[in-house]
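So you know, we letter chains A, B, ... as the sequences are listed, proteins then strands, and number each from 1.
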There are 2 protein chains.
Amino acid sequence: MKTSAAACSNTAFWQERTLPLRDAIELLSGKWKICIIQNLTIGALRFKDLHERVRGISPKVLSKELQDLEQNQLVTRTVNDTRPVTVSYALTEHADAIQPVLDALIEFGSKHRKMITGK
Amino acid sequence: MKTSAAACSNTAFWQERTLPLRDAIELLSGKWKICIIQNLTIGALRFKDLHERVRGISPKVLSKELQDLEQNQLVTRTVNDTRPVTVSYALTEHADAIQPVLDALIEFGSKHRKMITGK
DNA sequence: ACCATTGATTACCTTTAGGAAAGTGACTTT
DNA sequence: AAAGTCACTTTCCTAAAGGTAATCAATGGT
């Protein structure tokens, strides 16, 4: 029997979806990255403000996650010329492509929460 | 200075987005769950077929992830009345809400891949 | 000189994810 | 009786994620 599943299992189409999906998962999965990005969607934030908004994260982890996002060109780092030096983080244009992921996750999370906590 | 960020930091609105987002991340993050769900979007699959399609996963991990998805009512488990017993896994209606997440991730992953491998 | 602020970094530790390999049990085929 | 199939399960292990706490360097204020 040849199901539609079997029919597309060897196609380029499948790879064209699977590989990018794995890339995205590898880049975004973990406890913090998506939360950090969400907090930056409203505009640039300094390290300290981000640290306060992303509840529960430690400075060590925040620093590491930001470096990771910067390397992947999703976030820019700008040192400001202020009295105690401050550093601003902002999303790049490239990060706009994450907005739909965020929206979809929030939508799903809401539905899921309603379903689990008794419909 | 009161930025738009500061303006909404204490609102119910922010929580209404942050809590579901954290739920979704907790449920879906990890190396395999989203891949498994993607493979089930085309229809029910038996354990063995799923194991072959989700390249690289071990039976132990596949089994664990499926139990987890079942508990969260995203997947159903059906024992079939076949010669060697087979078990089919299928997405629930509730899992439809994940489709937009999948699409968004694939779209983002494609763009990201193009950008990283030299625009 | 001393303290405060900001943005980290370091050392240390615990927890969790996940991989490899083998085994189990129900059943069928040879 | 032996071997194979399917769906797991178990054991053992490593690597990565992530938490706590302390420290550092630059700067400015008192």
I need the residues from residues 19-36 of chain B with at least one non-hydrogen atom less than 4.0 Å from DNA chain D; give them sorted by number, or say none.
none
Locate the shortest heavy-atom distance separating A:Tyr89 from A:Leu40; write the atom from each residue and the value.
O-CD2, 3.4 Å
Applying side-chain hydrogen bond (donor to acceptor under 3.5 Å, both in side chains) to A:Ser63 and not counting sequence neighbours gives none
Can you list everything that forms a salt bridge (charged side-chain N to carboxylate O under 4.0 Å, His left out) with A:Lys64? Sequence neighbours excluded, please.
none
Which residues share a salt bridge (charged side-chain N to carboxylate O under 4.0 Å, His left out) with A:Lys60, sequence neighbours left out
none
Can you check whether A:Thr78 reaches A:Val87 side chain to side chain, under 4.5 Å on heavy atoms?
no
At the 4.0 Å heavy-atom cut-off to chain A, mark where contacts on DNA chain D begin and end, going 5' to 3'.
D:dG18 to D:dG28
Bounded by its outermost nucleotides with an atom under 4.0 Å from a heavy atom of chain B, the footprint on DNA chain C reads C:dG18 to C:dT28
Any side-chain heavy-atom pair from B:Cys35 and A:Ile25 closer than 4.5 angstrom?
yes
Crowded around A:Glu52 CD? As in, over 12 foreign heavy atoms under 6.0 Å?
yes
If a pair satisfies ring pair (Phe, Tyr, Trp, His ring centres under 6.0 Å) and one of its residues is in residues 25-74 of chain A, list it, with sequence neighbours excluded.
none
What pairs of residues pass the side chain to side chain donor-acceptor pair (under 3.5 Å) test when at least one of them lies in residues 102-111 of chain A, not counting sequence neighbours?
A:Gln99-A:Asp103
The residue, B:Val85 or A:Thr82, whose nearest nucleotide of DNA chain D is more 5′ is B:Val85
For DNA chain C, which residues of residues 56-65 of chain B approach it to below 4.0 angstrom with any heavy atom?
B:Lys60, B:Val61, B:Glu65
With sequence neighbours left out, the residues meeting ring pair (Phe, Tyr, Trp, His ring centres under 6.0 Å) with B:His112 are A:His94, B:Phe108
Residue list, salt bridge (charged side-chain N to carboxylate O under 4.0 Å, His left out) with B:Arg22, at least two apart or on another chain:
none
Sort and list the pairs that fulfil salt bridge (Lys or Arg N to Asp or Glu O under 4.0 Å) and have at least one residue in residues 66-93 of chain B, not counting sequence neighbours.
B:Lys33-B:Asp68
